[in-house]
Amino acid sequence: MSSCLFCRIAEGEIPADVVLRNNDVVAFRDVNPQAPVHVLVIPIEHHANVTELSAKAPHLASKLIDAAAAVARSEGLDDQYRLVFNTGADVGQSVFHVHAHVLGGRDFAWPPG
Ligand code: 5GP
Ligand code: ZN
């Protein structure tokens, strides 16, 4: 059994509110949402962060972004959403299986805190 939380969610060992799944990616609602829509999109294959994903599996990076856009559409965000890849503990990454945060449904400040 994997020790990685998001590998376990991808395998269905840990329940999640899944909104999209295909052969490459799974998208599920964040357990601690920071906006009315807050969905995490992950590749099923384990990569620690977006740098590693882009270097080792660029085709999956593209599929991840496609899936994020599809989630934004299906959540009714009308192409108004923020896509975030926290990369490294210093900037807030807490789960080291790459995930795109799809955030929307409210106004956002810039720059982010
Ligand atoms: P990070 O801080 O690594 O960018 O994002 C990790 C995200 O995963 C956080 O927003 C956190 O709320 C979410 N998260 C952590 N554990 C779980 C879980 O067991 N289930 C779900 N659905 N989200 C989780
Ligand atoms: Zn993993």
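For reference, positions follow the sequence shown, starting with 1. Note that ligands are numbered from 1 as they come in the structure, with each ligand's atoms numbered from 1 the same way.
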Contact with ligand 1 for Gly92, non-hydrogen, under 4.0 angstrom: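 The answer is yes, since Gly92 has a heavy atom less than 4.0 Å from ligand 1.
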
Gln34 to ligand 1, any heavy atom closer than 4.0 Å: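 False for this residue.
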
Would you check if the side chain of [X] reaches a backbone N or O of [Y] as a donor-acceptor pair within less than 3.5 Å?
X	Y	answer
Gln93	Val95	yes
Arg29	Val37	no
Thr51	Asn49	no

Atom indices of ligand 1 within 4.0 angstrom of Asn32 heavy atoms, with elements: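 Every atom of ligand 1 under 4.0 Å from some heavy atom of Asn32: 12 (O).
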
Atom indices of ligand 1, in the order listed, that fall short of 4.0 Å to a heavy atom of Phe6: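 Counting from 1, the qualifying ligand atoms are 8 (O).
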
Aromatic centroids of His101 and His99 separated by under 6.0 Å: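 Yes, they do, as the ring centres are separated by less than 6.0 Å.
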
Residue portion contacting ligand 1 (non-hydrogen atoms closer than 4.0 Å) for Ser94: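 For Ser94, backbone and side-chain atoms both sit under 4.0 Å from ligand 1.
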
Under-4.0 Å heavy-atom contact with ligand 1, by part of Val84 that carries it: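 Val84 to ligand 1: no contact under 4.0 Å from either part.
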
Cation-pi, Phe108 ring and Arg106 (6.0 angstrom, 45 degrees):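 The answer is yes; both the distance and angle limits are met.
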
Who's the nearest protein heavy-atom neighbour of [atom], and how far?
atom	value
atom 5 (O) of ligand 1	His99 NE2, 3.0 Å
atom 14 (N) of ligand 1	Val31 CG1, 3.9 Å
atom 22 (N) of ligand 1	Arg29 O, 2.9 Å

Per atom 12 (O) of ligand 1, closest listed option by heavy atom (Asp30, Asn86, Leu5):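 Minimum heavy-atom distance to atom 12 (O) of ligand 1 goes to Asp30.
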
Of the N, O or S atoms in His46, the one nearest the Zn ion (ligand 2):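 For His46, the N, O or S atom at the smallest distance from the Zn ion (ligand 2) is ND1.
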
Considering only N, O or S atoms of His97, the one closest to the Zn ion (ligand 2):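 When I compare the N, O and S atoms of His97, ND1 is nearest to the Zn ion (ligand 2).
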
Check against side-chain contact (heavy atoms from CB on, under 4.5 Å), Asn23 and Arg21: CA-CA 7 Å; Asn23 289 338; Arg21 176 186 279 277; over 6 Å; no

